[in-house]
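Working notes, structure below.
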Amino acid sequence: MQDYHEFLSEVLIDEDTLQKRISELAAEINRDYAGQDLILLCILRGGMVFLVDLMRQLDVPHEVDIMAISSYGRNVRESHGNVRLTLDLQLDIRDRNVLLVEDIIDSGNTIAYVLEFLSTRMPRSLRVCSLLDKEERREVVVPIHYRGFTIPDKFVFGYGLDIDEYFRNLPFIGVVDLDKYKQPGSNG
Ligand code: IMP
Ligand code: MG
């Protein structure tokens, strides 16, 4: 695997800016759900870093669960519709307040599928909290109740988001220079 400095074209959102915004989102969630009880539902794997930082700033009592989705599209960086559940959640969400925690909403296909699927289980409420929103690429209309940042149509990595499954650990959101990035296992 390459050193990310070779293909990082810019740091789009630095660590301080991320953490400050996450505190603001947590404050909103604390206010909106005051006196209630919550299930935070993380969509693996991109949402996990965000989930962990967000939940540590919540004082609303909450349970945490995870689910996983896979999507097949025109290429590895696009989901385009064919979304499938690969890991179901464990908790019974009937009559519960559910807050989905996502890293990024791009076409919207993933979250649209998840919302439809979860709503058949009759939660009391179902909301979406997404750290990033690539608004220009939206193909289906989806509600985002808590939005961290609206970002331009660029491929980003770090803070939970991967490029070919690597670099989720970085504390900032960076933009990939796709001309300089070499896919693992390729010669060019
Ligand atoms: P959607 O179904 O098109 O909204 O895609 C959402 C999923 O695609 C996210 O949960 C990410 O896993 C992935 N994704 C979309 N854009 C990016 C990006 O810029 N970097 C890394 N992953 C991304
Ligand atoms: Mg994801």
Side-chain angles (χ1 to χ4, degrees), residues 1-2 4-15 17-18 21-22 25 40-54 65-89 98-119 126-184:
M1 180 49 69
Q2 267 174 295
Y4 73 82
H5 294 95
E6 293 172 22
F7 57 77
L8 174 70
S9 70
E10 63 174 308
V11 172
L12 189 65
I13 310 170
D14 67 27
E15 185 173 2
T17 310
L18 275 174
R21 185 70 187 122
I22 292 166
L25 292 172
L40 295 177
L41 182 53
C42 178
I43 304 178
L44 296 180
R45 287 178 285 252
M48 62 191 183
V49 178
F50 176 41
L51 169 82
V52 167
D53 281 346
L54 181 73
D65 207 347
I66 52 175
M67 65 186 292
I69 292 296
S70 75
S71 53
Y72 302 92
R74 278 179 276 194
N75 67 53
V76 289
R77 307 206 204 295
E78 297 185 3
S79 65
H80 290 281
N82 294 311
V83 185
R84 183 169 69 85
L85 182 77
T86 55
L87 177 71
D88 202 346
L89 46 152
V98 177
L99 181 60
L100 276 167
V101 179
E102 250 292 44
D103 52 351
I104 185 167
I105 299 180
D106 185 22
S107 69
N109 287 312
T110 304
I111 207 78
Y113 170 87
V114 170
L115 286 171
E116 195 183 307
F117 159 79
L118 292 174
S119 59
L126 181 57
R127 287 186 170 181
V128 175
C129 175
S130 184
L131 182 66
L132 306 177
D133 179 7
K134 247 192 229 178
E135 212 173 41
E136 300 166 43
R137 288 181 39 96
R138 202 58 37 80
E139 292 172 9
V140 286
V141 178
V142 288
I144 308 178
H145 304 87
Y146 306 96
R147 176 191 289 101
F149 303 87
T150 299
I151 64 164
D153 180 10
K154 289 177 176 174
F155 198 80
V156 294
F157 70 112
Y159 202 75
L161 294 108
D162 68 300
I163 177 154
D164 295 320
E165 294 301 327
Y166 286 83
F167 304 112
R168 297 186 193 271
N169 58 308
L170 299 174
F172 57 83
I173 303 281
V175 175
V176 181
D177 180 339
L178 290 167
D179 294 327
K180 295 191 181 143
Y181 175 70
K182 302 186 194 78
Q183 229 169 317

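Just so you know, ligand 1 is whichever comes first in the structure, and atom 1 is the first atom listed for that ligand. For this chain, numbers begin at 1 and follow the sequence in order.
Side-chain contact annotation: Asp14 with Thr17, donor-acceptor N/O pair under 3.5 Å present.
Counting only distance, with no hydrogens or angles, the side chain of Gln2 and the backbone of Lys180 share a donor-acceptor pair below 3.5 Å. Checked by atom type and distance alone, the side chain of Arg127 never pairs as donor or acceptor with a backbone atom of Val98 at under 3.5 Å. With Ser130 contributing its side chain and Arg147 its backbone, the two residues share no donor-acceptor pair below 3.5 Å.
Ligand 1 does not have Phe157 within reach: every non-hydrogen atom of the residue lies 4.0 Å or more from it. Residue Gly46 places every heavy atom at 4.0 Å or more from ligand 1. Using a 4.0 Å cutoff on heavy atoms, Arg137 does not count as a contact of ligand 1. Not a single heavy atom of Ile43 sits closer than 4.0 Å to an atom of ligand 1. Every heavy atom of Arg45 sits 4.0 Å or more from the atoms of ligand 1.
For Tyr146, there are no ring pair (Phe, Tyr, Trp, His ring centres under 6.0 Å) partners two or more places apart in sequence or in a different chain.
Checked against the 6.0 Å centroid threshold, Tyr4 and Phe172 count as a close aromatic pair.
Residue Lys154 approaches ligand 1 through these ligand atoms, each under 4.0 Å from one of its heavy atoms: 19 (O). Close approach of ligand 1 to Asp162 is summarised as follows: ligand atoms under 4.0 Å from at least one heavy atom of the residue are 21 (C). Ligand 1 places these atoms under 4.0 Å from at least one heavy atom of Glu102: 10 (O). The Lys134 neighbourhood of ligand 1 comprises atoms 16 (N), 17 (C), 18 (C), 19 (O), with distances under 4.0 Å to a heavy atom of that residue.
Ring-plane geometry between Phe7 and Phe157 is classed as tilted, the angle between the planes lying from 30 to 60 degrees on a 0 to 90 degree scale.
Note: an N/O pair closer than 3.5 Å links Gly108 and ligand 1 by distance alone. Residue Leu161 places no N or O, backbone or side chain, under 3.5 Å from any N or O of ligand 1.
Considering Ile104, Ile163, Val175, Thr110 only, the shortest heavy-atom separation from atom 2 (O) of ligand 1 involves Thr110.
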Worksheet item: side-chain contact (heavy atoms from CB on, under 4.5 Å) between Ile105 and Leu132: does it pass, once the steps are laid out?
Response: CA-CA 6 Å; Ile105 299 180; Leu132 306 177; over 6 Å; no
